[in-house]
*Asks:* 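One structure, as structure tokens, below. Some questions next.
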Number of protein chains: 2
Amino acid sequence: MTNREHHNKEYNNEYSNDKFQRAALQVTEAQGRLMPYAALLAQEAVPLHLSSGRYLAQSVAAPHPYPAFDRSSMDGFAVIAADTLAAGAPDTVWLEVIDVIPCGAVASREITAGTAARIMTGAQIPGGADTVIMMEATESRIEGGVTYVGISKPQERGLHITPCGLELSTGDPVLPEGALIGAGEIAVLAALGVPEVPVRRRPKVAVFATGTELLEVDEPLVPGKIRNSNSPMLEALIREAGGEPVMLGAIIDDLELARSKVQMALESYDLVITTGGVSVGDYDIMGDLVREQSGEMLFNKIAMRPGSVTTAAVRGGSILLALSGNPGACFVGFQLFARPVIGLMQGAAQPYLPEWTAVLGEDYKRVNSFTRYVRARLEIRQAVLYAYPAAVDESSVTVTIKDSDCLIVIPPDSGQLSAGDKVTVLKLPGEIRG
Amino acid sequence: MTNREHHNKEYNNEYSNDKFQRAALQVTEAQGRLMPYAALLAQEAVPLHLSSGRYLAQSVAAPHPYPAFDRSSMDGFAVIAADTLAAGAPDTVWLEVIDVIPCGAVASREITAGTAARIMTGAQIPGGADTVIMMEATESRIEGGVTYVGISKPQERGLHITPCGLELSTGDPVLPEGALIGAGEIAVLAALGVPEVPVRRRPKVAVFATGTELLEVDEPLVPGKIRNSNSPMLEALIREAGGEPVMLGAIIDDLELARSKVQMALESYDLVITTGGVSVGDYDIMGDLVREQSGEMLFNKIAMRPGSVTTAAVRGGSILLALSGNPGACFVGFQLFARPVIGLMQGAAQPYLPEWTAVLGEDYKRVNSFTRYVRARLEIRQAVLYAYPAAVDESSVTVTIKDSDCLIVIPPDSGQLSAGDKVTVLKLPGEIRG
């Protein structure tokens, strides 16, 4: 049987199968069915300096106060404030400089009445001193080999001292489990002496594309075919979400072959994502595969546009997520379903896209019986967040993905929306461009 | 001479040097002096699927229309709209199905009056057809081995066809030079057949910490010393900015050694960053180094808090950027100066932090004669952007860096600010948490 005869046969049979009988779930329902299977992966330790982009597997509390000692916040002189009370009335008070305390050193002598120590920014305050007077506010005099510091104004007690524990007391919570680690987290973990960070292993995410219409990126166009843009896009999205993409190429429309490839991937990787082959009337290879195999179908229709055909199944505890082959729908399906799965496997505290209210920047007239997730561009002007829907937002559209900072959520009952209306947006990863 | 004697000697000399005579530049002036030296690095080609996070070195225009052909956006039947005009008045119109066009294939026959082709989502529209009627709106009948499709309503011409060139015509600009490449850019580059992407080489950024007070992250605390949190923080910040960090460890307070190490680094790497050793009255090793060596000092004082001591010099065309040793000041100095340098070297179209207006979430009472860059947390509520200054914002503070989404810019003449006032914020890289 040729491919076309096979297709003809399928087409003649398809009125009798269940492809039109899918029950549409709401997005949150579908997420609710899927996420319990996003099992937390094993812990591993990574060197602190390489931990950026990982999620903390255990909360961190301060093992000691921070700063760990009273510290000078100025270059100047550590003194006893009481010694300066008489300064400038009208005479300069002169204190004997008995020590020099560089940063990182400790005082060699205690400060007593009438004495002072030269001290550098960041150095530990010597015993006895309770104040630092800044360099620029002093004068100096050397007499008989002894240095004296002159002070012309009374000093407030405690001035220019950063007290021990200002930022953290012992036991203070510093970072919660599930926190995303960035430069700021690394700084505080370094300060507290955490050279290795407990994180969850990165999920290995296998990706298949389906469809005989697909050309590789480096192939010339031929009539009727398109280049596979979903696989490289998914590879980048998986990395961005913290996963390790494992690109397994294209599955052609051969159910037997697809079945064995997907089964092998489900046994070897933490998550299997396919793109294409899920549409009604499509050759629907993923749908067939999910129906025919043992395992649990979680959903195969979602009340959303684009991506209503997004399908998920669980087999042997592993998740198979079948995204639409339409680039826009594939992108939205990834952000709503794959991204939180990949986040949860790493223990992310906030695996979902942030949800904000924005002001619609221009009218939006498209209504649908399903909730619409419209790619849009955010702009902040005069402290107000605006969302501008992409001009062309067909599920097949590829070009607008790059210009989108968010998805505007348009509920089915919204009717036509006008510029100035408040809308809910889901913030996509990355910087706001506007 | 012991270290302490050396320090004593330095201290006795320091009133006569120029450390107090620094001329403070405004941040934008300082940036203006520095950025011309951020030389564009060489182009290289990276495989498309690994190009995320890089900056496009050449603009990209569409080499062909996209989509490249009229495409069905539905599973259904390709028909001639005129053939359906009589449908439902009152009879069903029956058309002979003469072809089946899977996705990726081309039609074997032209559609003529009275005929139709079964067509899949994404497949190329056959010659002669001008409309697709969706599967669900049809019925079918087989008679004498011939399949007929029944249509009960007139169809609008052009329906369910995504026309060739809908997204892009040949020559349309797609991506400008300097665009940051992410998943969406990768998708469109894949669709247009760009397997290798021209980008700029990543800058190699050498980092030295200075200061005898520094312990490594894995060392136990000892009195007077602190762990080096700036180096691992800078390593993460450099990666985040697209650079390749080269961590060269700590320089102790030895001018000769520092000089040779820094000189070697300037000859070997694209940018040298140091942290610490720039304060007035500090041992100021970086300042000394910059003064004593041949080369051009760009600035050594900036009218900003924190980080007023931020220093930059150019030697042999290479930039030496000496950041404060205070973690908060080091962080701010990096974001205002190092980050744009690293971005410009890669050809980034937007190397600076985005500048937004926000509503101050609570009163801010600290005034300063210099512009203050206050670490703050952003929140979006009811489409309004609020900025909440960190409770403790000393330049030495490490803990609040991780909780900051932005820097509030407080000009010196602001006076005391109240909740509800509009302020300028510089958005820091990463997601808004609130």
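Quick note: numbers below take in every heavy atom, side chains included, and nothing from hydrogens, waters or symmetry partners. Note on naming: letters A, B, ... go to the chains in the order of the sequence lines (proteins, then strands), and numbering restarts at 1 for each one. Computed from a prediction, not measured in an experiment: that's the story for all the values here.
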*Asks:* Ignoring hydrogens and geometry, is there a side-chain-to-backbone donor-acceptor pair from E431(A) to G430(B) under 3.5 Å?
*Replies:* yes

*Asks:* With side chains defined as the heavy atoms from C-beta onward, is the minimum distance between S52(A) and R239(B) less than 4.5 Å?
*Replies:* no

*Asks:* Contact between T357(B) and R381(A) at the side-chain level, heavy atoms closer than 4.5 Å - yes or no?
*Replies:* no

*Asks:* Could you check whether atom CD of E219(A) has more than 12 heavy atoms from other residues, nucleotides or ligands sitting under 6.0 Å from it?
*Replies:* yes

*Asks:* May I ask you to name which of C330(B), A236(B), A187(B) has the most heavy-atom pairs under 4.5 Å with chain A?
*Replies:* A187(B)

*Asks:* Between chain A and each of L428(B), I401(B), L385(B), L175(B), count heavy-atom pairs under 4.5 Å; write down the option with the most.
*Replies:* L385(B)

*Asks:* In terms of heavy-atom pairs under 4.5 Å, which option from D70(B), L192(B), L180(B) contacts chain A the most?
*Replies:* L192(B)

*Asks:* Look up atom CD in Q382(A) and atom CH2 in W356(B), then write down how far apart they are to the nearest 0.5 Å.
*Replies:* 14.0 Å

*Asks:* How about V174(B) and K402(A): do any of their side-chain heavy atoms sit closer than 4.5 Å?
*Replies:* yes

*Asks:* At a heavy-atom distance under 4.5 Å, which candidate from G53(A), P245(A), A190(A) has the highest pair count against chain B?
*Replies:* A190(A)

*Asks:* Spell out, as yes or no, whether a donor-acceptor pair under 3.5 Å connects the side chain of E213(A) to the backbone of G122(B).
*Replies:* no

*Asks:* Taking all heavy atoms of V217(A) and all of L48(B), pick out the closest pair and write down the distance.
*Replies:* CG1-CD2, 4.1 Å

*Asks:* Is there a side-chain contact between L221(B) and H64(A) (heavy atoms, below 4.5 Å)?
*Replies:* yes

*Asks:* Closest approach of V106(B) and G224(A), non-hydrogen atoms and distance?
*Replies:* CG1-N, 4.1 Å

*Asks:* Please classify the contact between Y386(B) and chain A as side chain, backbone, both or neither, with a heavy-atom cut-off of under 4.5 Å.
*Replies:* neither

*Asks:* Let me confirm one number: the CD1-CD1 distance from I380(B) to I380(A), rounded to the nearest 0.5 Å.
*Replies:* 5.0 Å

*Asks:* Taking the side chain as everything from C-beta on, heavy atoms only, tell me whether L168(B) gets closer than 4.5 Å to V399(A).
*Replies:* yes

*Asks:* Output the option from Q124(A), K422(A), E235(A), R227(A) having the highest count of non-hydrogen pairs under 4.5 Å with chain B.
*Replies:* R227(A)

*Asks:* Quick check for you: to the nearest 0.5 Å, what is the distance between R71(A) atom CZ and I226(B) atom CD1?
*Replies:* 6.5 Å

*Asks:* Can any side-chain N or O of E167(B) pair as donor or acceptor with the backbone N or O of T398(A) at less than 3.5 Å?
*Replies:* yes

*Asks:* If we define contacts as heavy-atom pairs under 4.5 Å, which of A183(B), S51(B), P429(B), P232(B) has the most with chain A?
*Replies:* A183(B)

*Asks:* Could you look at A191(B) and say if it's the side chain, the backbone, both or neither that has a heavy atom under 4.5 Å from chain A?
*Replies:* both

*Asks:* Checking heavy atoms, do the side chain of N228(B), its backbone, both or neither come under 4.5 Å from chain A?
*Replies:* backbone

*Asks:* Rounded to the nearest 0.5 Å, how far does SG of C103(A) lie from NZ of K225(B)?
*Replies:* 9.5 Å

*Asks:* If I take atom CD1 from residue I186(A) and atom OG from residue S229(B), how far apart are they, to the nearest 0.5 angstrom?
*Replies:* 11.0 Å

